[in-house]
Structures are given as structure tokens and as C-alpha cells.
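Note sheet for the following structure.
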There are 2 protein chains.
Amino acid sequence: MKRKKQSRVTLQQVAEHAGVSRATASLIVRNSPHISEATRKKVLESMRELGYVYDRVAANLRSQRSSTVGLIITDIANTFFSELLIGVHQTLEEEGYTVLLGTTFDSDTKQNHLLSTMLEHRVGGVILCPVSETSKETIDRINQLDIPIVLAVRELPGANCDYVSVDYKVGAEMAVSHLIQKGHRRIAFLGGRSESSTWKERAQGYYDALHQAGLEVDSSLVVDGPPTREGGVAAVQQVLNHPDPPTAIFCFSDLVAFGVMQELRNTGLIPGQDMAIVGFDNVPEAETVTPSLTTVSSFPRLIGKHAAGLLHERIANFDHEQQRVILQPELAIRNSSQQVVGK
Amino acid sequence: MKRKKQSRVTLQQVAEHAGVSRATASLIVRNSPHISEATRKKVLESMRELGYVYDRVAANLRSQRSSTVGLIITDIANTFFSELLIGVHQTLEEEGYTVLLGTTFDSDTKQNHLLSTMLEHRVGGVILCPVSETSKETIDRINQLDIPIVLAVRELPGANCDYVSVDYKVGAEMAVSHLIQKGHRRIAFLGGRSESSTWKERAQGYYDALHQAGLEVDSSLVVDGPPTREGGVAAVQQVLNHPDPPTAIFCFSDLVAFGVMQELRNTGLIPGQDMAIVGFDNVPEAETVTPSLTTVSSFPRLIGKHAAGLLHERIANFDHEQQRVILQPELAIRNSSQQVVGK
DNA sequence: CTGAAAGCGCTTACAG
DNA sequence: CTGAAAGCGCTTACAG
């Protein structure tokens with residue numbers, strides 16, 4: 001059975017069918033109040049009968065508006081980002097936006113490509129979780145087009161945009177101070193890209209906590225790498241071969257922590273008992289893994305909500321002054337860090 | 001510093017700047033081969049200088065094409081769906097599509113709303129992971145508009161669409177047969193919405209495996225519920241109060257299994273030792289949880305790839321005959337089911 | 001409320 | 001390759 005591709009029903013056809021002008025029909029789809037109830041009903045009925053579907057794309061083209069927004073993240077397989085996405089979606093869909101999603105997998109090329117595509121699609125704004133080596137030109141390009149952009153999660157030096165994130169430095173400080181309080185003196189910091197602002201801020205918190213306790217930083221206990229399970233596995237291997245190995249590990253993220261715990265088991269060590277572990281993010285899995293993971297809550301869904309809110313404001317008022325929202329993290333203490341060190 | 005919203009550079013302006021006609025400029029942005037190298041270079045240079053951004057929306061409107069595709073899933077926080085999303089994205093972005101993402105959280109209202117919005121945005125097609133109680137009207141509506149649609153993960157009775165999924169029945173059979181082989185005679189089936197095709201198929205596999213082993217089905221060991229961690233917690237509570245409790249649990253999904261394991265621990269039972277557990281999906285966490293979870297691999301990323309492939313074909317050739325892709329699952333045997341029952 | 005006209009930024013088709 | 005014209009489906013502005 002061959003089916004002919006029927007063309008879309010237009011507002012013109014609806015108007016004819018209902019016996020009104022196209023202008024009137026247009027007012028009705030846009031919910032104008034200056035229409036008598038009788039006409040409105042008649043036209044809505046015609047739409048239903050003809051199976052009319054509003055063409056938002058044509059409308060946006062004519063009125064120079066946009067009802068889409070781009071969201072670019074680095075890794076959707078990371079629960080942190082799927083939570084952030086939920087926050088963005090919830091807020092933006094309420095406001096009537098549709099979200100174009102792109103995942104960069106931390107590739108700058110991919111990021112540029114995605115941004116171009118989104119701009120070509122006339123997005124009204126972009127929420128960007130930038131890749132580590134994002135160039136300032138990337139942001140400049142968007143600013144020049146006067147497309148509102150909100151950075152989330154990672155800051156870009158010199159970028160002139162709204163920014164929303166969590167205070168990673170304070171989070172790292174909380175985590176490391178907690179370990180120190182449990183008696184640990186040799187604490188490693190594993191995983192994460194050392195180029196990224198998110199890593200640098202955590203590193204700063206890590207240093208600060210050590211200094212406050214009068215401990216020296218041993219840079220051989222700081223090993224960066226991909227912020228993934230595999231990255232955790234690789235990083236912990238390096239540290240375990242250390243002549244004077246650590247007794248506790250502060251991990252860049254929960255994902256890294258899971259890799260670390262897995263690899264510890266592989267080498268016969270029991271995480272939480274032979275080695276204290278603290279993660280970062282507080283993903284749902286952190287609660288259910290064994291031992292349950294002490295970690296820093298970074299509230300990704302809330303980050304998403306705030307980013308969406310800022311973007312919405314910025315779209316409404318482009319010249320609004322630049323805003324920064326920095327959420328305060330919280331330490332969730334669980335079993336992976338409870339053992340007190342007794343020498 | 002007030003900035004005036006500058007309007008978009010148009011192809012017309014580019015043409016004028018380069019001293020060619022608008023038609024020629026249009027041919028160049030569309031990579032037509034009938035253009036001399038010199039002209040092409042000149043025009044591309046003008047584009048760069050003026051900061052031209054191709055307006056794909058206007059182009060699509062004129063040419064009656066679409067470069068977007070809708071993807072509707074039920075829960076992005078579920079790794080199964082984020083993996084599926086990755087598969088869809090990878091395939092579709094290669095083909096030049098941009099993905100509009102929507103999450104229904106299993107609400108029919110939300111699903112209808114998302115579909116409407118996507119149709120209004122002129123999507124070229126839709127990949128739908130339908131909510132459990134999707135009405136046939138929902139699909140009819142899309143079919144009437146001649147918008148290609150591919151169903152993924154859940155089948156809808158009577159829906160006249162391409163479909164891609166995993167053979168859940170066979171997967172469930174593998175899981176339950178494995179438990180029977182380990183000596184279990186009382187095996188519960190926990191979690192999942194009993195209205196959904198994905199549940200029914202698993203249930204069928206569960207029944208079949210029991211029958212093949214000459215075991216009777218005890219319907220009090222079958223407890224449905226939300227396909228989430230919380231659902232697992234709730235379901236296992238019911239079964240633990242059973243006068244003749246099971247020795248093994250086949251869970252609707254890994255997520256349910258994690259909830260089950262968590263709750264077992266809460267009640268003082270050791271998962272994998274006091275109670276054998278098998279999950280479904282094989283999410284990354286299944287490997288790292290303790291005990292590591294025996295589970296059925298359902299290859300969500302591959303499902304996504306196939307769904308995207310089918311949609312792409314269907315867009316290219318609307319009258320192509322209806323296709324079904326059913327992937328074969330695999331059992332990943334780990335520690336949560338290794339204990340042999342000795343009475 | 002209506003009607004006729006113009007225009008958003010592009011593509012298409014056609015005569016040169 | 002060019003140029004002028006028409007049109008995708010809508011909104012806008014304006015005279016009635």
C-alpha cells in the first residue's frame with residue numbers, strides 16, 4: 001500500500017474551513033484574548049477536524065524568536081550530567097522551550113561542531129558544560145552573535161558569561177579535612193583532568209586542608225587522569241606502587257572512586273578498611289555500593305535548574321548584569337571513610 | 001554598556017559582499033559541485049568576514065525538509081536509557097540530524113505533550129520509548145501526519161511501526177534457568193510495571209523456565225512495582241515476609257536489583273549468600289557492586305543504534321516495509337548468583 | 001474582528 | 001554561472 005506524503009495543513013486552510021481570516025486564526029493559535037468565544041470555538045473545531053499542527057518553526061522565523069535551547073554536556077553516561085540534564089529540562093520545558101542535546105565526550109572538535117549546528121538551528125540560548133580545553137574564541141564566537149550563553153560546572157578564564165556551579169574548593173576541603181580528622185596523614189588525590197577548572201579548584205581545597213592541618217603536600221600522591229571508572233583504576237595502580245603508599249584517597253568524582261574501589265579489591269585490599277575513600281558528586285550508586293561511599297554532594301540537578309533559570313533570564317533581558325551562582329556542597333559521611341587510623 | 005541585538009547576517013548580504021547572486025551563494029552553502037573554485041573561495045571568505053551563520057531553519061522551511069529528530073525516553077536517570085541515547089546520538093549525528101530530547105517519567109500526559117511539541121518543531125521522525133499505558137491513538141496521530149516513527153524497548157499492540165528491542169523473554173529464561181541450575185526452587189520475580197510489554201515478556205520467560213524445570217509458579221512470589229531502586233526495596237519487603245520465602249530473586253532490572261540488595265542488607269541478609277540475585281540490563285554498576293551482579297545484557301547502546309538506523313531508513317523511504325529488530329540478550333554470570341543451594 | 005500586503009531567510013525553477 | 005520571481009507557513013502592521 002503506497003501512501004502519498006500528504007502536505008501539512010496550514011493556518012490558511014484552517015481559516016478557510018472556519019470561514020475566518022488567516023489573521024484571526026493566527027491570533028487564536030497564539031491565545032490572543034481579543035477573540036470572541038464563538039469564533040475561537042469554531043476555529044479550534046476546524047483545527048481538530050483538519051488535524052492542524054502549528055508550525056512553530058515558521059512562526060519563529062517570522063517573528064524572529066526561538067523556542068529552542070541548546071544543552072551541551074561532556075558525558076551523558078555520567079550520572080552527574082544526567083541529573084543536571086533533568087534539572088535543565090524540568091525548568092526549561094515549563095517555560096515552553098525544547099532542548100537540543102549534544103554530548104562532547106570532552107572533545108573540543110565535537111563541541112565546536114555541536115555549537116555550530118545549534119546556532120544554525122536558531123537556538124535562543126545555550127547552556128554549555130565546556131570541555132577542558134575550550135578556547136576563548138569558542139565563547140567569543142557565540143557572544144558576537146549575541147546568543148545568550150550560560151556556563152555550567154566548569155569555568156572558563158576570561159569568559160564573559162553567566163556561570164553556575166558548586167564550590168569545588170570548599171567541597172574538597174570538607175572531604176580532606178574529614179579524612180585528616182579520622183587520623184589519616186597520607187592522603188592521595190586521584191583522577192580528573194588537571195587542565196580543568198573543576199580539578200584545579202578541588203586541588204586547591206585539597207592543598208588548603210592539608211596546610212591547615214600542618215601536613216606537607218606530596219605531589220607523588222596526586223595523580224590525574226580521565227574522570228571515569230577506568231581513570232580510577234589506572235590512577236590507583238600508580239599510587240599502590242608507591243614506596244610509602246597513602247592510607248586514604250580523595251577521588252575526583254564518585255565514578256573515579258568506584259574504579260578505585262574495584263581495583264583495590266582486585267589487588268586484595270578492602271576499600272574502607274585497608275584504605276579510606278571519599279568521592280565527589282554523591283550519585284545514587286554511592287549509597288548502594290559496598291562499602292557505602294563517603295562523598296561530597298554537588299547537587300547536579302540544582303545546578304541544572306539554576307543554569308536554566310539564568311539562561312531564561314538572560315534571554316528575556318540580554319543586558320542583564322552578569323551573574324554567578326555558586327552552590328554550597330555538603331559532605332555525606334558513609335562507611336568508606338569510617339575506619340580510624342591507629343598506628 | 002548597552003549592546004544592540006544585531007540581526008543575523010543573511011545570505012543576501014554575503015552575496016552582495018562577494019559580488020555574486022544570492023542563488024550562487026545558496027549553491028555554495030549547500031556544497032554544490034557546479035561552482036568554480038575561485039567563486040567558492042571568494043564567497044566563503046565573505047562568509048567568514050561577515051560572520052555568517054547558515055539558517056537551517058529557514059532552509060528547511062523552504063525545502064520542506066527536516067534536520068531534527070525527536071527522541072522520547074522514560075527516564076534519563078536510568079543508565080539503560082542514557083546508553084540508548086548515546087547509541088541514537090552517535091548514529092544520527094553522523095547523518096546530520098540534531099536530536100530533540102524529551103523525558104516522560106512514564107507519564108502519558110507528558111508523552112503526548114512532548115510529541116505535540118516535537119511535531120510543531122517539524123521533526124523529521126521520532127524514536128519513541130513509549131510509556132506503559134500509551135494509547136493506540138497516540139501512534140495513530142503520528143502515523144496520520146506521515147511522520148516516521150520507530151518504537152524502541154517497549155512494543156505497543158497493534159501499532160503499525162518499526163520496532164527494535166531485545167528478546168526479554170529469552171533473557172528472562174536464561175536468568176531463571178541459571179538460578180534453577182544452581183539448585184533454587186523458590187524464585188521470586190520482583191519489580192517492573194505489569195502493564196508493560198517489557199514486564200509481560202520477562203514474566204513469560206520466567207514462567208517458561210519454571211515449567212521446563214517442572215516447577216510450579218507461585219504467584220505470591222511475583223511482585224510488580226516501579227522499575228527503580230525504591231521499587232526494589234518495596235518489592236523485596238513483601239517477599240521477605242512470605243511464610244515460605246524464596247531463595248533467589250530474578251529482578252526486573254539492575255536498578256531494581258540494587259534496591260533489593262540494599263534492603264536485604266538492611267534486614268541483615270547478605271545478598272549473593274543468603275539470597276541469590278539476578279538482574280537485567282547489565283549496567284556498568286552491576287560489575288562494581290558487591291557482590292557483583294549476575295545479570296542479562298540487553299545492549300541498550302546497540303538498541304539505540306538500530307533504532308536510529310531504522311528511523312533514518314524510514315525517513316529516506318517512507319513506504320519501506322515494516323521492520324523489527326530483536327537483539328539477542330546474553331547472561332553475564334557474576335557473584336550474586338554463585339552460591340549453590342544445599343538443603 | 002477582517003483583508004490585503006509585506007516579510008522572516010532561505011530554496012527552487014527558469015530564462016538567459 | 002546569474003538574476004528576477006515565487007513560495008515555504010507563519011506574523012506583523014495597518015486601514016477598515
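Not measured: the values here are computed from a predicted model. Note on naming: letters A, B, ... go to the chains in the order of the sequence lines (proteins, then strands), and numbering restarts at 1 for each one.
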Dot-bracket pairing map - DNA chain D, Watson-Crick plus G-U, both contacts under 3.5 Å, | cross-strand: |||.||||||||.|||

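For A/E16, there are no salt bridge (charged side-chain N to carboxylate O under 4.0 Å, His left out) partners two or more places apart in sequence or in a different chain. A/R62 is linked by a salt bridge (charged side-chain N to carboxylate O under 4.0 Å, His left out) to nothing, counting only residues two or more places apart in sequence or in another chain.
When all heavy atoms of A/D55 and A/A58 are compared, the closest pair comes out as OD1-N, 3.0 Å. The two residues A/H17 and A/S46 come nearest to each other via the heavy atoms ND1-OG, 2.9 Å. In terms of heavy atoms, B/V131 sits closest to B/T104 at CG1-OG1, 3.4 Å.
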Under 4.0 Å protein heavy-atom contact, by nucleotide of nucleotides 9-16 of chain D - B base, S sugar-phosphate only: BBBB----

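Among residues at least two apart or in separate chains, there is no ring-ring contact (aromatic ring centres under 6.0 Å, His included) pair with a member in residues 103-127 of chain B. Legend: salt bridge (charged side-chain N to carboxylate O under 4.0 Å, His left out) pairs involving residues 68-88 of chain B, not counting sequence neighbours, sorted by first then second residue: B/E83-B/R301.
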